[in-house]
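One structure below.
Convention: sequence-line order gives letters A, B, ...; per-chain numbering from 1. Model, not experiment: these values are computed from the prediction.
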Amino acid sequence: MTQVETGPSNFIRNIIDNDLETGKHQSIHTRFPPEPNGHLHIGHAKSICLNFGLAQDYSNALCNLRFDDTNPVKEDADYVAAIEEDVRWLGFEWAGDIHYSSDYFEQLYAYAVELIENDKAYVCELNAEQTREYRGTLTSSGKESPFRNRPIQESLDLFARMRAGEFSEGSMMLRAKIDMASPNMKMRDPVIYRIRFAHHHQTGDKWCIYPMYDFTHCISDAIEGITHSLCTLEFEDHRPLYDWVLANISIACKPRQIEFSRLNLQYTLTSKRKLNALIEENIVAGWDDPRMPTISGMRRRGYPAASIREFSKRIGVTKQENTVELASLEACVRENLEANAPRAMAVIDPVKVIISNYENDKTEQLIAPAHPKDESMGTRTLPFSRELLIDRADFREEANKKYKRLVLGKEVRLRNAYVIKAEDVIKDEAGNITEIHCSYDPETLGKNPSDGRKVKGVIHWVDATSNEAAEFRVYERLFLVENPAAAEDIHQVINPESLVVKQGFVELGLAEAVAEKAYQFEREGYFCADSKDSTPQHLVFNRTVALRDSWGG
RNA sequence: UGGGAUAUCGCCAAGCGGUAAGGCACCGGGUUUUGAUCUCGGCAUUCAGAGGUUCAAAUCCUCUUAUCCCAGCCA
């Protein structure tokens, strides 16, 4: 009976459907190919959900996890572990073992030799600056390297000696022999191997030459039997090269590269480099700072994995440049949490309420449902006594009719408890309210006033003594502008209130709150205990997202 | 006259020659012990623009315009 939740139609699914119908493929095989040089973010989540989602939706389909690790200078094994965890947490499992491009270094080397033997590649000794000059510009063709037509045997010998470590970094490189006059810059004899005396996180010191992306990726795809190799739009110009490499070596499998547009999200940076800068400059606390759009950051913030998957499904897959509104992501988070988060009460900015007509040392144990629509979630017990705490924003000495909370001389409902009426207010010398004296109607527990009085407002509360102290980390968007990537100076657009820390109280039962488990603090928003900093002795709650608020006051 | 791509509602996005899906957002009504949720209703005579083909065009053709990507021994 399990309904397979397939994604909506998109141009890639159309291509796959067609390939299956025409018999080009019997089944499909995708791959998610991160470079282990940083942490995964919401943009990668789109790609993960696309690639693994396709594998889930089509019969006998598979999706590999492959680390594209051809640049040891930038990569690190720590990232490999973090990426694996992020993919798993998102809810996906890869086919078989994890793959690494570095697994194929020996085969890649052999294919490079094959290219040289067929006069399709040569060892070039131009330096970096010369190489750039020889490449030409966007509007003028390049010119051929003086090494382009050196004897095949000579290139073969040099390439072997490059591998043997006889030459210094930058002194030589292997280039594909294609067309220096091509209007496509990528086809102007692209570099396919460079010398790097660097320790590699997987292969150690075995190699001192490393293949470039364009040579590696297509061959890795072919070796793994990938049918559809999905990547982002900026690789469109690389496709002719992808096809060229596979057409000029003796490999049978010819995967098809298909490009789709990357995700841009309002008020969010999706560039590993820029995210890294935020960390380096201590603007955020780390990759998993709840304000980060990283998978680990969103997880710590309290976004359910399923809501990220749903978001990926909703935004679709096209070739159009796009910037998705943050509201769209938040809607997915709220939709999930509305159904799954048990309710609780928390007072974030407390002020004391004294029920003057309530017995001095009496305490009642009130029962409240954990969810207003889901009885299976059970109930919780709320101590209620003479002294309570409510939020400062929920009381005014005077207010117009639109204000539906506690007003001096008026009544309000205490959520899950009684109707109270504000009788008096006590202030300190500075004029700050320190106590609100109220009376309560003992006949209003679980029912409306019998005389027909209408009490419109409902506010939340916590017992003044039977409670748990808690720290609240109230998060807002990290940036003040919709497109922080376009800012000349990122410091100018940082939201100074992206994190506001408050000290308040939560109801008793939350002492055992499990990290990352979502709660709705009624009328405040969705929160979860912080996975790094919250302890039973010092509770710390992250605000995942506020409740929708159509009032605006 | 470098090359490659993209243009459908405020933001995403279906649509593939037969007369504009859906989601988010927004605006109204109802329910509500969360100003939440839920619910009902509204929201493109029009598909970047101009021509053309056709009984019929967002879909085909022509031209124009706008935007994005490409000159790392990064991926």
Side-chain angles (χ1 to χ4, degrees), chain A residues 8-11 14 33-35 37 68-71 73-75 124 126-128 131-133 135-142 169-175 182-188 190-196 210 212-214 216-217 231-240 259 261 263 266 272 311 313-332 334-335 338-339 343 345 368 371-373 402-405 412-419 444 446-448 455-460 520-525 546-553:
Chain A
S9 164
N10 64 51
F11 79 103
N14 291 345
E35 182 188 14
N37 68 343
D68 215 343
D69 56 347
T70 57
N71 188 354
V73 177
K74 291 187 174 179
E75 298 154 8
C124 179
L126 253 24
N127 63 34
T131 305
R132 193 181 335 113
E133 285 167 10
R135 187 152 36 224
T137 71
L138 294 177
T139 51
S140 65
S141 89
E169 286 188 12
S171 64
M172 286 187 193
M173 58 190 166
L174 185 69
R175 293 230 254 170
S182 172
N184 180 347
M185 301 291 287
K186 299 294 179 213
M187 298 297 271
R188 319 243 263 227
V191 178
I192 58 179
Y193 263 92
R194 78 288 216 186
I195 299 170
R196 285 286 179 278
Y210 292 94
M212 299 287 287
Y213 166 85
D214 287 304
T216 309
H217 203 88
C231 63
T232 44
L233 248 31
E234 65 271 27
F235 290 99
E236 277 176 323
D237 289 344
H238 298 239
R239 185 165 12 103
E259 312 83 16
S261 53
L263 165 69
Q266 279 188 343
K272 280 186 201 170
F311 175 68
K313 186 186 295 182
R314 289 187 191 180
I315 59 176
V317 180
T318 68
K319 294 179 76 108
Q320 281 154 244
E321 295 289 337
N322 62 83
T323 301
V324 177
E325 291 174 338
L326 207 50
S328 187
L329 208 208
E330 292 182 338
C332 295
R334 289 196 187 99
E335 184 177 295
E338 156 62 27
R343 310 292 130 115
M345 291 196 283
H371 193 288
K373 293 180 175 177
K402 304 197 81 174
Y403 185 79
K404 305 198 317 190
R405 311 178 194 179
V412 79
R413 158 75 62 181
L414 288 178
R415 176 75 167 155
N416 296 127
Y418 301 95
V419 169
T444 53
K447 56 191 175 190
N448 288 321
V455 179
K456 195 69 182 146
V458 181
I459 64 173
H460 57 95
Q520 184 196 99
F521 291 163
E522 290 186 296
R523 301 209 317 125
E524 290 288 358
L547 254 28
R548 259 186 88 238
D549 183 5
S550 56
W551 188 52

Worksheet entry | Donor-acceptor pair between A:Ser261 and A:Asn322 side chains, under 3.5 angstrom | yes
Discussion item. Heavy atoms only, 4.0 Å cut-off, all strands: where does A:Ser182 land among base, sugar-phosphate and nothing?
Written reply: nothing
Worksheet item: For the residue pair A:His238 and A:Tyr213, does the interplanar ring angle fall in the parallel (under 30°), tilted (30 to 60°) or perpendicular (over 60°) class?
Response: perpendicular
Item to complete: Using both distances under 3.5 Å as the test, list the Watson-Crick or G-U wobble partner of B:A58, or none.
Response: none
Fill in: Touch class at under 4.0 angstrom, heavy-atom based, for A:Gly446 against every strand present
base
Worksheet item: A:Tyr213 on top of B:A75's base, within under 5.5 Å and under 30°?
Response: no
Practice prompt. From the options B:A25, B:G72, B:G15, select the nucleotide whose nearest atom is closest to the side chain of A:Arg135.
Written response: B:G72
Item to complete: Answer yes or no: side-chain N or O of A:Arg523 and base N or O of B:U34 forming a donor-acceptor pair under 3.5 Å.
Response: no
Practice prompt. Answer with base, sugar-phosphate or nothing: what part of the nucleic acid does A:Ala417 contact at a heavy-atom distance below 4.0 Å?
Written response: base
Item to complete: Using a heavy-atom cut-off of under 4.0 Å over every strand shown, decide if A:Arg132 touches base, sugar-phosphate, or nothing.
Response: sugar-phosphate
Item to complete: Describe the nucleic acid contact of A:Ser328 in one word from base, sugar-phosphate, nothing, applying a heavy-atom distance below 4.0 Å.
Response: sugar-phosphate
Discussion item. Distance check needed: B:C26 C1' versus A:Glu325 CD, whole Å only.
Written reply: 10 Å
Discussion item. Students often get this wrong, so: under 4.0 angstrom with heavy atoms, is A:Thr216 touching a base, only sugar-phosphate, or nothing?
Written reply: nothing
Worksheet entry | Listed nucleotide nearest any side-chain atom of A:Glu236, set B:G2, B:A25, B:G4 | B:G4
Worksheet item: Is the closest basic N to carboxylate O distance between A:Lys319 and A:Glu236 below 4.0 Å?
Response: yes
Worksheet item: Is any N or O donor-acceptor pair between the side chain of A:Gln520 and the base of B:U34 shorter than 3.5 Å?
Response: yes
Practice prompt. Would you classify A:Ser9 as touching base, sugar-phosphate or nothing, given that sugar-phosphate means primed atoms plus P, OP1 and OP2, and contacts are heavy atoms under 4.0 Å?
Written response: sugar-phosphate
Worksheet item: Backbone N or O of A:Asp237 within a donor-acceptor pair of the A:Asn184 side chain at under 3.5 Å?
Response: yes
Item to complete: Mark yes or no for a side-chain to base donor-acceptor pair under 3.5 Å between A:Arg343 and B:U34, with no hydrogen or angle criteria applied.
Response: yes
Item to complete: Scan A:Asn322 against the nucleic acid and name what it touches under 4.0 Å (heavy atoms): base, sugar-phosphate only, or nothing.
Response: sugar-phosphate
Discussion item. If I take atom OH in residue A:Tyr210 and atom P in nucleotide B:A75, what distance separates them, rounded to the nearest angstrom?
Written reply: 12 Å
Item to complete: Examine B:U67: is either OP1 or OP2 under 4.0 Å from a nitrogen or oxygen in the side chain of A:Gln320? Give yes or no.
Response: no
Item to complete: Mark yes or no for whether A:Arg343, through its side chain, and A:Ala368, through its backbone, hold a donor-acceptor pair below 3.5 Å.
Response: no
Worksheet item: At under 4.0 Å between heavy atoms, what does A:Asp214 touch on the DNA or RNA strands: base, sugar-phosphate, or nothing?
Response: nothing
Worksheet item: Of the candidate nucleotides B:G3, B:C38, B:A13, which contains the atom at the shortest distance from the side chain of A:Asn184?
Response: B:G3
Discussion item. Tell me whether A:Thr323 contacts the main-chain N or O of A:Gln266 through its side chain, where contact means a donor paired with an acceptor under 3.5 Å.
Written reply: no
Worksheet item: Nearest-Å distance, CZ (A:Arg413) to P (B:U34)?
Response: 10 Å
Practice prompt. Find the distance A:Glu321:CD to B:A5:P and express it as a whole number of Å.
Written response: 14 Å
Practice prompt. Quick one: label A:Ala331 by what it contacts on the DNA or RNA (base, sugar-phosphate, nothing), any heavy atom closer than 4.0 Å.
Written response: sugar-phosphate
Practice prompt. Compare the minimum distances between each of B:C26, B:C11, B:G35 and the side chain of A:Arg548, then state the nucleotide with the smallest one.
Written response: B:C26
Worksheet item: Checking all strands, does A:Ser261 fall into the base, sugar-phosphate, or nothing category for heavy-atom contacts under 4.0 angstrom?
Response: nothing
Response to the item:
The Watson-Crick or G-U wobble partner of B:G2, with both key distances under 3.5 Å, is B:C70
Worksheet item: Closest nucleotide of RNA chain B for A:Arg239 versus for A:Arg415: which of these residues is on the 5' side?
Response: A:Arg239
Worksheet item: Where the side chain of A:Lys373 is concerned, which of B:A71, B:G3, B:U37 is the nearest nucleotide?
Response: B:U37
